[in-house]
J.: 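The structure under discussion is supplied below as structure tokens; questions concerning it will follow.
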Amino acid sequence: MAIEDNINDVVQKYSDMIYRLAVSNLSSRCDADDVYQEVFMRYIKEIKKGKVFESDEHIKAWFIRVTINCCRSLSTSSWFRRTVPIDETLSDDFDQFSDCGIDMHSALMKIPQKYGSLIHLFYYEQLSTEEIARLIDEKSATVRTQLSRARALLREILKGEYFDE
């Protein structure tokens, strides 16, 4: 019973983060649901094999890494490339900019996936560029450059709709 209680605690603690990260990387909630389930199935398999996590930070980093990998696997699969996503609107509680009238999710879907992931990890999960660099196996300078490019793309997308620049 102790393992099941531990799994339930971990699912409750990290489920929102995993789901938000999956939604920010993929174009639909249904795909995010699939990734969400896959990530937790992998976690359960690892725990049953005897994997021991050193700390909460180790678990969090593992979940982020596995979620990003699952999103990439799904988005590069031949099935995924042959489907057309249904336009979905996220609920207001996902988007911190909704009270300003900005649909940030739509804007994030217009930029490349690697930039959307970085924006999500930096702003929504509040990870530092060094932490993100460790998670995606890049240099922190590369992460900062890509964040800068992502911000520029978002600024360009949102300029005509929301901002006069």
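When a residue number appears, it is its place in the shown sequence, counting from 1. Worth saying up front: this structure is predicted, and the values here are computed from it rather than measured.
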J.: Roughly how far, to the nearest 0.5 Å, is CD1 of I132 from CZ of R134?
T.: 10.5 Å

J.: Going by heavy atoms in the side chains, are N8 and Q12 under 4.5 Å from each other?
T.: no

J.: Centre-to-centre under 6.0 Å for F63 and F40, is that the case here?
T.: yes

J.: Among residues at least two apart in sequence or on other chains, which ones pass side chain to side chain contact (heavy atoms under 4.5 Å, CB included) with Q146?
T.: K114, Y115, L118, T142

J.: What residues form a side chain to side chain contact (heavy atoms under 4.5 Å, CB included) with E130, not counting sequence neighbours?
T.: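 So E130 forms a side chain to side chain contact (heavy atoms under 4.5 Å, CB included) with S128, S140, R144.
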
J.: Rounded to the nearest 0.5 Å, what's the gap from CD1 on I111 to CG on L154? Could you check?
T.: 4.5 Å

J.: Distance-only, no hydrogens or angles: does the H120 side chain make a donor-acceptor pair with backbone N or O of G116 under 3.5 Å?
T.: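 Checked: no pair found.
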
J.: Any heavy-atom pair between the side chains of T67 and Y36 that's under 4.5 Å?
T.: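 Side-chain contact under 4.5 Å: no.
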
J.: Is any side-chain heavy atom of I136 less than 4.5 Å from a side-chain heavy atom of V143?
T.: yes

J.: Take L127 and I64 through the test side-chain contact (heavy atoms from CB on, under 4.5 Å) and record every step on the way to the result.
T.: CA-CA 11 Å; L127 297 177; I64 291 171; 3.6 Å; yes

J.: Using side-chain contact (heavy atoms from CB on, under 4.5 Å), reason through Y124 and S24 one step at a time and then give a plain yes or no.
T.: CA-CA 10 Å; Y124 286 98; S24 73; 6.0 Å; no

J.: Evaluate whether atom NZ of K45 has more than 12 neighbouring non-hydrogen atoms of other residues, nucleotides or ligands under 6.0 angstrom away.
T.: no

J.: Quick one: salt bridge (charged side-chain N to carboxylate O under 4.0 Å, His left out) pairs with a partner in residues 55-76, sequence neighbours left out?
T.: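 Qualifying pairs: K13-D56.
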
J.: Flag the pair P112 / L153 as yes when at least one side-chain heavy-atom distance between them is below 4.5 Å, and no otherwise.
T.: yes

J.: Starting from the C-alpha separation in whole Å, work towards a yes-or-no answer on side-chain contact (heavy atoms from CB on, under 4.5 Å) for W62 and K51.
T.: CA-CA 12 Å; W62 187 88; K51 181 168 180 78; 3.9 Å; yes

J.: Walk me through it: do E38 and R42 pass the test salt bridge (Lys or Arg N to Asp or Glu O under 4.0 Å)?
T.: CA-CA 6 Å; E38 177 67 23; R42 288 184 184 188; 2.9 Å; yes

J.: Heavy-atom distance under 4.5 Å between the side chains of D31 and V35, does that happen here?
T.: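 No, side chains not in contact.
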
J.: Distance from L26 atom CG to S117 atom OG, nearest 0.5 Å?
T.: 8.5 Å

J.: Working to the nearest 0.5 Å, report the span between CZ of R20 and CG of N25.
T.: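 These two atoms lie 13.0 Å from each other.
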
J.: Decide whether R151 and Y123 meet the rule of one side-chain donor and one side-chain acceptor closer than 3.5 Å.
T.: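 Yes, side-chain donor-acceptor contact under 3.5 Å.
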
J.: Could you give me the CA-CA distance, side-chain angles and deciding distance for I47 and F53, then say whether side-chain contact (heavy atoms from CB on, under 4.5 Å) is met?
T.: CA-CA 9 Å; I47 292 297; F53 292 96; 3.9 Å; yes

